[in-house]
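The structure appears below as structure tokens.
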There are 2 protein chains.
Amino acid sequence: MPLGPDLVGQRSETVRRANLGAIVRELHLRGPQSRSELVARTGLTRTAIRALIGELVAGDLFLEERGAPVGQPGRPSPLVRPREAGVVVLAVSIAVDSLAAALVGIGGEPIASVRIPRPRGHLSLDAIVEDLRELVSGLPVDAHRAAIIGIGVAMAGLVRRDDGSVSSAPNLGWRDAPLGERLPAAFGLDVPIHVANEADLAAVAELRRGAARGADDLLLIWGEVGVGGGIIVDGKPLTGVAGYAGEVGHMPVNPGGATCGCGSIGCWETEIGERALLRLAGRPVDGGPDEVDALLRAAAEGEPGALVALAHVGRWVGIGLSGLVNLLNPRVIVLGGLFARAYSYMEPAILAELDRLALRGPRELARIAPGALDVDAPLLGAAELALEPFLADPAARLGPRAQLVAAAGA
Amino acid sequence: MPLGPDLVGQRSETVRRANLGAIVRELHLRGPQSRSELVARTGLTRTAIRALIGELVAGDLFLEERGAPVGQPGRPSPLVRPREAGVVVLAVSIAVDSLAAALVGIGGEPIASVRIPRPRGHLSLDAIVEDLRELVSGLPVDAHRAAIIGIGVAMAGLVRRDDGSVSSAPNLGWRDAPLGERLPAAFGLDVPIHVANEADLAAVAELRRGAARGADDLLLIWGEVGVGGGIIVDGKPLTGVAGYAGEVGHMPVNPGGATCGCGSIGCWETEIGERALLRLAGRPVDGGPDEVDALLRAAAEGEPGALVALAHVGRWVGIGLSGLVNLLNPRVIVLGGLFARAYSYMEPAILAELDRLALRGPRELARIAPGALDVDAPLLGAAELALEPFLADPAARLGPRAQLVAAAGA
DNA sequence: TCGGTTTGGAAGATAGGACTACAAAATGCC
DNA sequence: GGCATTTTGTAGTCCTATCTTCCAAACCGA
């Protein structure tokens, strides 16, 4: 039922909202454009574009300026560009090895960002909230306070979308932690907050600004200590009923395998996670990022043990991906986090397993690529998530327009 | 990017299309309703509903009649009901053990349907097309010819959505068979044809008219000889890039397992397919539906060997479902085909494995249910697929309206 | 400087639904 | 059976948003 349970009647106003949203989204995704480019792309007339852009400019969200000369005859079309003071979100990332925050405006480029490493181990919700508060105090929040419309949080853990609570975060030792309701107050911001899994958000970021630009169906695998996944279907994140979807790390791929931290047996994570990689390479499994870096350096120098371990993990990556390719028939598979850094060593094994195990049809259509955004992918995805309500209905932010029109008419 | 590569601007006409579509879809999904019920459900005003219904009645697609007395005060609201002569589709199902066809109108109820058993084994495309032609000749196609707007085909095999070709159908021995381009001519119908995998369509049918009514996120597992799957996300079928998505049968779940017909190793199908079940029960693996029926009868009589085999398969069903629950976070999991018939014997094992292996969050949200539509699910889903273009834009079928209005004004 | 070309701008046309007032058709009480 | 009450259908008018059309503005090249 493509229409919700209670379908809502469409009106003229709906048309305006949709068109305004289309323009703003276009400018957000493809960057500043001239009015005439927007006319060509949206199919709307110059008149309609003019009125809509006029409203965005009057609302101080966008500005028009002389574009660069194009060397074409005809009257030049002004470039429409987002104002930095217009709409801004605060993006936050709680990863296994670092905490990060950024202020991001329309267009998706960070205005300012900070990241600090975080030692591994369990930390209370209070401690993390305090660390984040301090981190965010290093951003020019006050300068943009009036423009901030929301907070987006990328979380290494299982998140409920509706209330932003963390159902489970093994790396931090959290269970049912009410993260979403704590943060706005901690930052002194009274705006909506959106919390989601870091891999889900990395997928959004890679789709819009990274390795999967232009694709509509994407599968991303995100490796840190654990293994997460993000699925994009028809351009929209697959969240599932509560937002839990995408937990690829806990697919059973080897019933005869090892016990997983989740209590299950033979999860994919037990074969391709950081600990499995370090174990295979004969390094301390709890060595963390330092040992992983050392392993990758060894591989770069051609050390056989390191290369064998990476190839072995690559094979298991390929085995799991085969099932996912058959299941989801994606256009692009992006390997992020640990898998992006190790991609060059794993690629042959991954591709060989895919060719061996996946069905011919979906296999031929799927392109494999390492992530392009590195550690920032979840953070940028969190910004996109927080911007989404504005993109869906920019008119809500513009406020009452009827009064202005009435005043002008009087 | 929820908006296509070239976004299309919205106009007043779009509003009308959307509202007309909402009304027609509502009547299709929930059955005949009074005008006032439609007002309440769509949020449109009486005026708008009146105009839109008037158009549908004038176009001979729907009719209004006195509804049953409701015992309430106030002027009674007429019931809006689809006309049988209005819009009809031809649905066809090519299953492993049978061929079926039906004429289906708005509302989803078959006007007429036929099904014949089919012996297993390879058959050429020509032979199947001829069998279908004969089957369809038993339906009152001529009586509804003018109303038939499309053909929907449910196919036991891997299907490309765009051209309706069958990429692979192991049971028939097909590979790259141009099924979609052959059928309309064979039926003497010059209408659009839509071919899709039978499990994908069974999912649609169970969502709209079966065990998953009211849900928006659904996973269906369909067992015949092979194992197929259908995924519904946010009320819409997950097709993937080419329509291949949902092939759950070929997820690798047991790397140490048996070689699958697809050439891969340890596919889920090798653990839970019909052949695996018969083998575990000590019956001939190629016995087909007769042996399966005998097995189920034996189980009903309490034969230990049969019960053990069913429980064993149930465990593997649960193992695979665990991964899918973590991956997709569905609201309902429907077991169809063979699994629906054997559900009562497998249920304990399935639930036990889910509780053991799936993550707590998504596990708690997923309801498991056997399919409610039996063998007809793919056929009914094929009808829904063929009806979809009409539901999305009924105005296209109504033809030019402006002329009528102009004539009335003159 | 002067056409040719492209884009911006303004006025009227078109289309669709919302709002309001009133008529019509049922129920229920007396 | 008559009358008040309730609910819905109908018609006229208003509001909103885009499209169409025509003209002015700005740039290029000769």
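Throughout, a chain's letter reflects where its sequence line sits, starting with A, and its residues are numbered from 1.
Heavy-atom distances to DNA chain D give each of B/Pro78 and A/Leu52 a nearest nucleotide, and the one nearer the 5′ end belongs to B/Pro78.
A heavy-atom distance below 4.5 Å is found between the side chains of B/Arg161 and B/Asp200. With a 4.5 Å cut-off on side-chain heavy atoms, A/Val104 and A/Ile111 do not count as touching.
The CD1 atom of B/Ile193 sits 11.0 Å away from the CG atom of B/Asp163 when rounded to the nearest 0.5 Å.
Between the CD atom of B/Gln72 and the P atom of D/dT8 there is a distance of 7 Å, given to the nearest Å. Between the CD atom of A/Glu13 and the C1' atom of D/dT18 there is a distance of 15 Å, given to the nearest Å. Protein atom CD of B/Glu37 is 14 Å distant from nucleotide atom C1' of D/dT7, rounded to whole Å. The nearest whole Å value for the distance from the CG atom in A/Leu79 to the P atom in C/dT6 is 20 Å. For the pair B/Ile53 CD1 and D/dT8 C1', the interatomic distance rounds to 14 Å; values are reported in whole Å. Separating the CZ atom of A/Arg17 from the P atom of D/dT16 is a distance of 13 Å, rounded to the nearest angstrom. As a whole-Å value, the separation of A/Ile49 CD1 from D/dA17 P is 15 Å. The interatomic distance linking A/Ile23 (CD1) with D/dA17 (C1') rounds to 13 Å, in whole Å.
Using a distance-only test at 3.5 Å, with no hydrogens or angles considered, a donor-acceptor pair links the side chain of B/Asp393 to the main chain of B/Ala395.
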*Which is it for B/Leu201 and B/Glu384 under the side-chain contact (heavy atoms from CB on, under 4.5 Å) test, yes or no, and what are the steps along the way?*
CA-CA 8 Å; B/Leu201 294 179; B/Glu384 298 291 332; over 6 Å; no
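Not counting sequence neighbours, the partners of B/Arg145 by the side chain to side chain donor-acceptor pair (under 3.5 Å) test are B/Asp142. Among residues two or more places apart in sequence or in another chain, the side chain to side chain donor-acceptor pair (under 3.5 Å) test is passed with A/Ser12 by none. Scanning for side chain to side chain contact (heavy atoms under 4.5 Å, CB included) contacts around B/Val233 gives A/Leu238, B/Asp217, B/Ile231, B/Leu238, with sequence neighbours left out.
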Report all interatomic pairs (protein N or O, nucleotide N or O of nucleotides 23-25 of chain C) with separations under 3.5 Å.
unit_1: C/dA24; atom_1: O4'; unit_2: B/Arg75; atom_2: NH1; d: 3.3
unit_1: C/dA25; atom_1: N3; unit_2: B/Arg75; atom_2: N; d: 3.3

Distances for protein N or O near nucleotides 19-21 of chain D N or O, under 3.5 Å:
unit_1: D/dC19; atom_1: OP2; unit_2: A/Thr45; atom_2: N; d: 3.2
unit_1: D/dC19; atom_1: OP2; unit_2: A/Thr45; atom_2: OG1; d: 2.9
unit_1: D/dT20; atom_1: O4; unit_2: A/Thr47; atom_2: OG1; d: 3.0

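For the OP1/OP2 pair of C/dG9 and a distance below 4.0 Å, the side-chain nitrogens and oxygens of A/Arg35 include at least one atom meeting the criterion. Residue A/Asn19 has no polar side-chain atom (N or O) positioned under 4.0 Å from OP1 or OP2 of D/dA17. The side chain of A/Ser12 contributes no N or O atom lying less than 4.0 Å from OP1 or OP2 of D/dC15.
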Show me the donor-acceptor pairs within less than 3.5 Å that the side chains of residues 79-88 of chain A make with the rest of the protein, sequence neighbours left out.
unit_1: A/Arg81; atom_1: NE; unit_2: A/Glu65; atom_2: OE1; d: 3.4
unit_1: A/Arg81; atom_1: NE; unit_2: A/Glu65; atom_2: OE2; d: 3.0
unit_1: A/Arg81; atom_1: NH2; unit_2: A/Glu65; atom_2: OE1; d: 3.3
unit_1: A/Arg83; atom_1: NH1; unit_2: A/Asp60; atom_2: OD1; d: 3.4

